[in-house]
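From a predicted model like this one, the values you see are computed outputs, not experimental measurements. Lettering follows sequence order; numbering is per chain, from 1.
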Amino acid sequence: MSKMVKSESSSSDVPLSKPWQSYQTVYTNAKAGMDGVEKEKVQRIVYEMSKGSKYFENEERKEALMRQRTDNMRERLGKLSITDIAHYQKIAERRITELEATRDLSRIWLHVDMDAFYAAVETLSNPSLKGKPMAVGGMSMISTANYEARRYGVRAAMPVFQRYDLNFISASLDEAYLDITEVCRERDVRSDEVAEEIRRSVFEETGLICSAGVGPNRLLAKIGGIGKVTEHILRTAFEIDTCKDLLEKGGFLCALFSPSSADFFLSVGLGLGGTDTPQARLRKSMSNERTFSATEDEAFLYQKLAELSHILSTDLQKEGLRGRTLTLKLKTASFEVQTRAVTLPKCICSSEDILLHAKKLLKAELPASLRLIGSKAV
DNA sequence: TACATACAC
DNA sequence: TATGGTGTATGTA
């Protein structure tokens with residue numbers, strides 16, 4: 001599900017008297033339709049209940065890492081000479097002009113997002129739930145896509161979408177992008193009218209409610225792009241809070257980030273992104289992982305690994321795929337994630353082959369107290 | 001190539 | 001006492 005609401009992550013120093021305020025990502029309740037909830041109160045209660053847990057300590061470790069990255073960036077920033085700054089400012093200006101020249105405002109993109117998708121699917125198959133408060137949970141607490149949902153997904157609304165854009169892009173189970181340029185021109189209707197029409201048709205034909213946003217490209221149709229860590233670095237090290245800032249401080253970005261990262265930031269600043277019509281890309285990897293209560297029991301760990309290898313093998317064969325690099329993923333009792341990989345002379349897909357190599361990788365890491373094992377084929 | 005991170009959903 | 005699963009991209013060594 002897409003989150004249109006960004007958490008207002010604490011940019012720098014949080015008063016010590018309110019430590020829970022720095023844990024926005026984990027304990028946020030910033031979801032549409034939750035305006036009436038006392039945000040700070042919820043945050044404080046969850047914080048009180050969680051502090052001291054191993055998970056929490058790991059979150060603190062990650063926060064410290066993020067601060068370190070920010071400090072490091074600040075330091076590099078401080079070391080730039082006047083000449084450097086002038087040099088990179090020129091580079092940024094040139095790049096901004098080049099990027100701006102590629103701006104294409106001729107297309108009209110529509111982003112469709114199913115509202116409360118899992119709950120809606122559940123209600124359709126069990127109408128007695130209608131109007132009742134409901135939460136959909138998967139394994140443990142967060143909803144995961146079960147096979148029913150996967151089969152369903154945006155596919156339910158596909159016939160509608162196809163009437164407007166034969167090549168519409170399904171971005172995930174509950175999101176799709178439609179290029180409605182031609183429809184608007186041929187029928188001489190405004191994009192917001194088309195959006196409304198699609199919303200109504202989807203509801204009439206599937207019973208699902210969706211939101212739709214319009215823009216000249218997919219980035220703007222949806223709004224998004226920068227994650228929590230990047231946002232923190234941009235805000236605190238560069239004092240970049242807005243798209244305008246991204247452009248004005250482009251010189252610093254060009255100086256301290258790789259050309260491709262700098263390009264990405266400048267494009268976001270210009271509101272560029274997603275005007276192309278990508279051909280359906282092929283899958284590049286397949287993976288699976290399981291969480292369990294932390295244990296050092298080697299028999300148990302090897303058993304889990306065998307199960308995962310078997311599942312991965314069946315999934316690979318179902319799609320007729322094979323992999324040449326096998327990656328083992330581990331999460332320790334203290335929530336640190338590790339990956340170990342081997343690249344083989346030949347592609348494999350049988351559960352025996354996968355298990356054989358996965359076992360070798362695991363063996364090298366034992367003894368260890370683990371709470372998750374995963375396997376991936378690329 | 002191997003590994004870690006970040007990100008999206 | 002307790003916090004998911006799957007996939008992609010990218011930086012770095």
Problem set entry | Aromatic ring proximity, centroids under 6.0 angstrom, A/F300 and A/F292 | yes
For this session: Using a cut-off of strictly less than 4.0 Å, decide whether A/S261 has a side-chain nitrogen or oxygen near OP1 or OP2 of C/dT10.
Result: no
For this session: Over 60° means perpendicular and under 30° means parallel, so classify the ring planes of A/H111 and A/Y177, tilted if in between.
Result: tilted
Exercise. Just to confirm, is there a sub-4.0 Å distance from OP1 or OP2 of C/dG11 to any side-chain nitrogen or oxygen of A/S258?
Worked result: yes
Exercise. Hey, does the side chain of A/K284 come within less than 4.0 Å of C/dA9's phosphate (OP1/OP2), counting only N and O?
Worked result: yes
For this session: Take atom CD of A/E175 and atom P of B/dA8, then tell me their distance rounded to the nearest Å.
Result: 11 Å
Seminar exercise, completed: Heavy-atom nearest pair, A/M286 first then A/L321, reads CE-CD1, 4.2 Å
Seminar exercise, completed: Checking C/dG5, B/dC7, B/dA4 against the side chain of A/E289 (C-beta onward), the nearest is C/dG5
Exercise. Can we say A/K90 and A/E93 salt-bridge, meaning some charged N sits less than 4.0 Å from an Asp/Glu carboxylate O?
Worked result: no
For this session: Report the nucleotide, chosen from C/dG7, B/dC9, B/dC7, that has the shortest atom-to-atom distance to any side-chain atom of A/M286.
Result: C/dG7
Problem set entry | Stem regions touching DNA chain C, defined by at least 3 consecutive Watson-Crick or wobble G-U pairs below 3.5 angstrom | B:1-9 with C:5-13
Exercise. Roughly, in whole Å, what's the span from NE2 in A/H111 to P in B/dA8?
Worked result: 13 Å
Seminar exercise, completed: 5'-most contact on DNA chain C (nearest-nucleotide basis), A/R371 vs A/S260, goes to A/R371
Exercise. Under 4.0 Å: is that the gap between some side-chain N or O of A/R340 and OP1 or OP2 of B/dA4?
Worked result: yes
For this session: Starting at atom NZ of A/K331, determine the distance to atom P of C/dG5, rounded to an integer number of angstrom.
Result: 8 Å
Seminar exercise, completed: Here the residues of residues 320-329 of chain A within 4.0 Å heavy-atom distance, strictly under, of DNA chain B are A/R324, A/T325
Exercise. Side-chain donor-acceptor pair under 3.5 Å between A/T242 and A/D245, yes or no?
Worked result: yes
Problem set entry | Pairwise C1' distance for C/dG4 and B/dC7, with rounding to whole Å | 16 Å
Exercise. Within the pair A/T230 and B/dA6, is there a side-chain N or O less than 4.0 Å away from OP1 or OP2?
Worked result: no
